[in-house]
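The shown structure was predicted, so the numbers you read here are calculated from the model rather than taken from an experiment. Counting starts at 1 for both ligands and their atoms, following the listed order.
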Amino acid sequence: MKDKMSLHPETYAAQAMGATDPVTRAVIPAIHPSTTYVRDPDNLYRSGRIYARADNPTFDPAEALLTQLEGAAASFCFASGMAAATAIFQALEPGDHVVAPRVMYWGLRRWLANFAAQWRIEVDFVDLDDPTKLAQAVRPGRTKLVWIETPANPTWVLTDIAATATIAHGAGARLAVDNTVPTPVLTRPIELGADLVMHSATKYLNGHSDVIGGMLATAAQDGFWDRVQTIRSGNGAVLGPMEAWLLQRGMRTLFLRVDRASRSALRIAEYFVGHRHVEAALYPGLPEFPGHDVAKRQMRGGFGGMLSIRVKGGENAAIATAAAVQLWHRATSLGGVESLIEHRRSIEDATSLCPPDLLRLSVGIEHPDDLIGDLEQALDRAHSA
Ligand SMILES: *Cc1c(COP(=O)(O)O)cnc(C)c1O
């Protein structure tokens, strides 16, 4: 794609950066299943490729596109979102201090609480929707990483990225942002001061519930990023070539999917505010939602496809509602073209902070009226039983 010309991000995405195959002239990039590369007769590896546990040319379109969309210096594909996130923590030194949010993706919070101790990383979980609490939690010189997720699973609490970056940098720490939920379509953390951006590519980036993958983007190609790369190849935390190819295909429609999901989620949230069977609708796009002002400041073009509703009648009514849907799929995960509903507390463990009456909704690209109608009948059935 013309490098001098500055194009809109939608255009870069649609063409996965415009690279066509130089050998065959194919419009769509090739899949490279090869695990190994030919060494030159003079004993060098001029191609820069040696072995596919280190990297694979099939990653290039997805990595180049994420770098562009996030305004980053470089990106890497990983075997999963967890592989991407844990590579950042594993790149820390023993004894380093980390501040992470109390409300965050449960699987990673559990990993941090249980396994970071084995890496001798010290973690404090803090309510990071309030920057003054971060200012109290950082230990200048010892805190090396501040981790945030915004809007955060499953209550969609907002964290002010720019204010957090200022405090993190003041203490000598990097700021890493889990940008899985807003995607770079809606939030670009590096522009707001973040150093690292993480994605579960399983979710919106791929968008079709058929790839487990992760990605990281960095603001600077520094020594820390070199360690992340070494960890990826050393741990073998690489994406498979077929998955990488599907990922670049999914990313081409990212803008269409996120835009549609955001508009539908707003409509669904507005519909269920004050509904007779709903205690509360949690969605950053609602003016009364705490954090709406932060969301308006740092999210552009929408508030994302994720929302939650708290069902009147408590946990049993919430589970009965999820049981009664016919169109929404009752499943964990998010960010696919098909809408998912989940009683979140049932999948988290005893340490869950999720309210028991909460249903998490991942809005797909179906017609919003069909989604509203199905939820309406499910709530009615749950409350008439
Ligand atoms: C799913 C998810 C992860 C973990 O990603 P995997 O691809 O499942 O390993 C991390 N953060 C968020 C916000 C997620 O939704």
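- The ligand atoms of ligand 1 that sit less than 4.0 angstrom from a heavy atom of N153 are 13 (C), 15 (O).
- Ring-plane geometry between H275 and F272 is classed as tilted, the angle between the planes lying from 30 to 60 degrees on a 0 to 90 degree scale.
- When atom types are taken as modelled, the side chain of S264 and the backbone of A261 share no donor-acceptor pair closer than 3.5 angstrom.
- Taking distance alone, with nitrogen or oxygen atoms compared against 3.5 Å, I212 stays at or beyond that limit from ligand 1.
- Residue contact check: D178 has heavy atoms under 4.0 Å from atoms 10 (C), 11 (N), 12 (C), 13 (C) of ligand 1.
- For ligand 1, the polar-atom distance check finds no N/O of L334 at less than 3.5 Å from any of the ligand's N/O atoms.
- Proximity to E149 (heavy-atom distance under 4.0 Å) selects the following atoms of ligand 1: 13 (C).
- For an aromatic pair to be called close, the ring centres must be under 6.0 Å apart, and W225 with F76 satisfies this.
- Atom numbering of ligand 1 starts at 1 in the shown order; those under 4.0 Å from a heavy atom of M82 are 5 (O), 6 (P), 9 (O).
- Ranking the protein heavy atoms by distance from atom 15 (O) of ligand 1 puts K203 NZ, 2.7 Å first.
- Between the side chains of R139 and T143, not a single donor N or O lies within less than 3.5 Å of an accepting N or O.
- Given atom 4 (C) of ligand 1, the protein heavy atom at minimum distance is Y105 CE2, 3.5 Å.
- Without hydrogens or angle criteria, E270 side chain to L286 main chain gives no donor-acceptor distance under 3.5 Å.
- In this structure, G213 is part of the shell of residues with a heavy atom less than 4.0 angstrom from ligand 1.
- Counting heavy atoms under 4.0 Å from ligand 1, residue L108 does not touch it at all.
- Using a cut-off of 4.0 Å between Lys/Arg side-chain N and Asp/Glu carboxylate O, K312 and E279 are scored as not salt-bridged.
- Within the structure, the closest approach of M198 to ligand 1 falls below 4.0 Å when heavy atoms are considered.
- Cluster annotation: V211 is connected to M242 through the hydrophobic network of ILVMFWY side chains, with a link wherever side-chain heavy atoms come within less than 4.5 Å.
- Below 30°, between 30° and 60°, or above 60°: for F303 and H292 the angle between ring planes is between 30° and 60°, a tilted geometry.
- Heavy-atom proximity to G81, at under 4.0 Å, picks out these atoms of ligand 1: 5 (O), 6 (P), 7 (O), 9 (O).
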